[in-house]
Amino acid sequence: MRLGFKLMAAVVCISAAMPADCVAALRISDYYSPRNGKRPARSSTQYIILHTTESPSAGSLRKIRRYGEAHYFIDPAGRAYRIIERDRIATHAGRSMWNTRRNIDLYSIGVEIAGYHNRDITAAQYQALRELLRQLQRIYRIPDDRVLCHAMVAYGTPNRWHRHSHRGRKRCGMLFATDAVRSRLGLRSRPQVDPDVESGALAIGDPELHEVLYGRSRAFGTSSATEAAPSIQNVISSSVTAWTIARDRYNSPDTIYVFPSGKRVSGNKLADWTSLPAGTVVLLPQEPDFGAIDNVKTIGKDGPTAEDIAGDETRSATTVYFLPTGSVLRGSQMSTGSIAALQAGTIMLVGYTYGGHVTANRNAFDICGKRWNYPSTLYRLPDGAFQTGDSMDERAIPRNTLVFFRN
Ligand SMILES: [Zn+2]
């Protein structure tokens with residue numbers, strides 16, 4: 001019974017000042033990220049950004065918690081988890097812009113909903129999210145048209161398909177732009193246009209997504225998320241390119257192209273993007289929002305010793321060790337004895353070239369060229385957090401950030 005009491009005590013209303021609001025029984029469990037305490041307070045809260053995990057619930061909750069990548073997480077059963085305290089910064093929006101404001105993490109609360117951008121969420125998730133939004137909107141005075149989805153604020157930098165910076169880097173949370181879904185969440189308005197496309201700051205990089213987000217044809221409360229969602233199959237054709245399918249993960253080592261002949265090639269090994277044969281199937285990594293973060297390993301968590309994690313690569317120049325003292329060393333700079341003596345908590349990267357620091361005179365492009373925004377490239381920010389290349393804004397990489405890339 002004591003355990004039962006403890007569980008009940010953990011289920012508290014997020015709005016302590018308004019106990020009457022608890023009647024809707026939104027159950028939020030504390031499940032704080034180990035990064036929570038290190039995250040600075042957010043000075044301004046203008047938006048709520050809704051995400052879909054694009055992967056099964058349990059694995060995504062574990063990862064989001066581990067890296068502090070949302071304030072809240074709602075699982076398919078409608079259970080809500082508190083990952084980062086709501087007044088601190090969570091890293092959920094990556095390279096983002098809304099109405100000329102960049103780095104939306106600094107101005108927003110991020111909510112991850114276990115599910116997919118083009119599939120309806122469960123009735124329990126509707127109920128939980130509706131109540132969570134109601135409470136957060138009241139606390140921070142956020143109007144309905146500032147409840148956005150990640151697809152609305154994410155943007156991409158120029159690549160082989162887009163000469164200009166563009167909207168459409170992600171479809172994350174796309175269904176939360178549709179009238180039917182917003183209606184069920186109690187949201188009475190939505191952005192009518194993309195302010196950064198209107199101003200000319202960004203081009204439209206995904207016309208189908210743009211139609212879902214801002215199309216005129218959908219009267220409030222009539223369309224369904226699944227009707228509104230474009231149905232893109234992961235097969236290359238005359239009108240479907242690698243970009244349409246894989247976005248900026250097109251050249252990731254984790255994205256696999258299966259040719260009609262059966263031959264399989266990973267994205268980083270393909271050179272000719274214009275003559276991919278029709279019928280080529282594109283296999284995307286299971287958890288597209290996280291990518292290379294998976295490659296960040298910790299002794300004690302991912303294996304008992306460095307050798308368990310890196311195997312034959314333990315003393316390789318492309319195995320990197322982040323010692324608890326703050327030193328960063330390549331395996332080739334270390335003795336077998338010093339590697340064997342590494343303590344639990346030492347972080348490792350296997351298969352990565354150590355590119356060095358970003359400085360005033362040396363930017364990420366100088367360090368690793370076109371790989372600077374690859375999903376496989378990793379940045380270690382001065383606060384110790386890792387981010388992937390596809391989530392970086394080249395104008396906002398702090399000095400002394402370390403860059404690691406794959407060859
Ligand atoms: Zn997202």
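All ligand and atom numbering here is 1-based and tracks the order in the structure. Residue indices begin at 1 and follow the sequence shown.
The pair R171-D206 meets the salt-bridge criterion, since a charged nitrogen lies less than 4.0 angstrom from a carboxylate oxygen.
Contacts classified as side chain to side chain donor-acceptor pair (under 3.5 Å) and involving residues 363-375 (residues at least two apart or in different chains) are given here: T157-N373, R371-N407.
Angle ND1 (H150) to the Zn ion (ligand 1) to SG (C172): 110°, rounded to 10°.
Remark: the backbone N or O of F176 is not paired with any side-chain donor or acceptor of T178 at under 3.5 angstrom.
Among the backbone and side-chain atoms of H92, no N/O/S atom is found under 2.8 Å from the Zn ion (ligand 1).
None of H117, H51, H92 except one satisfies the ring-ring contact (aromatic ring centres under 6.0 Å, His included) rule with H150; the exception is H51.
In terms of distance to the Zn ion (ligand 1), the nearest N, O or S atom of H51 is named ND1.
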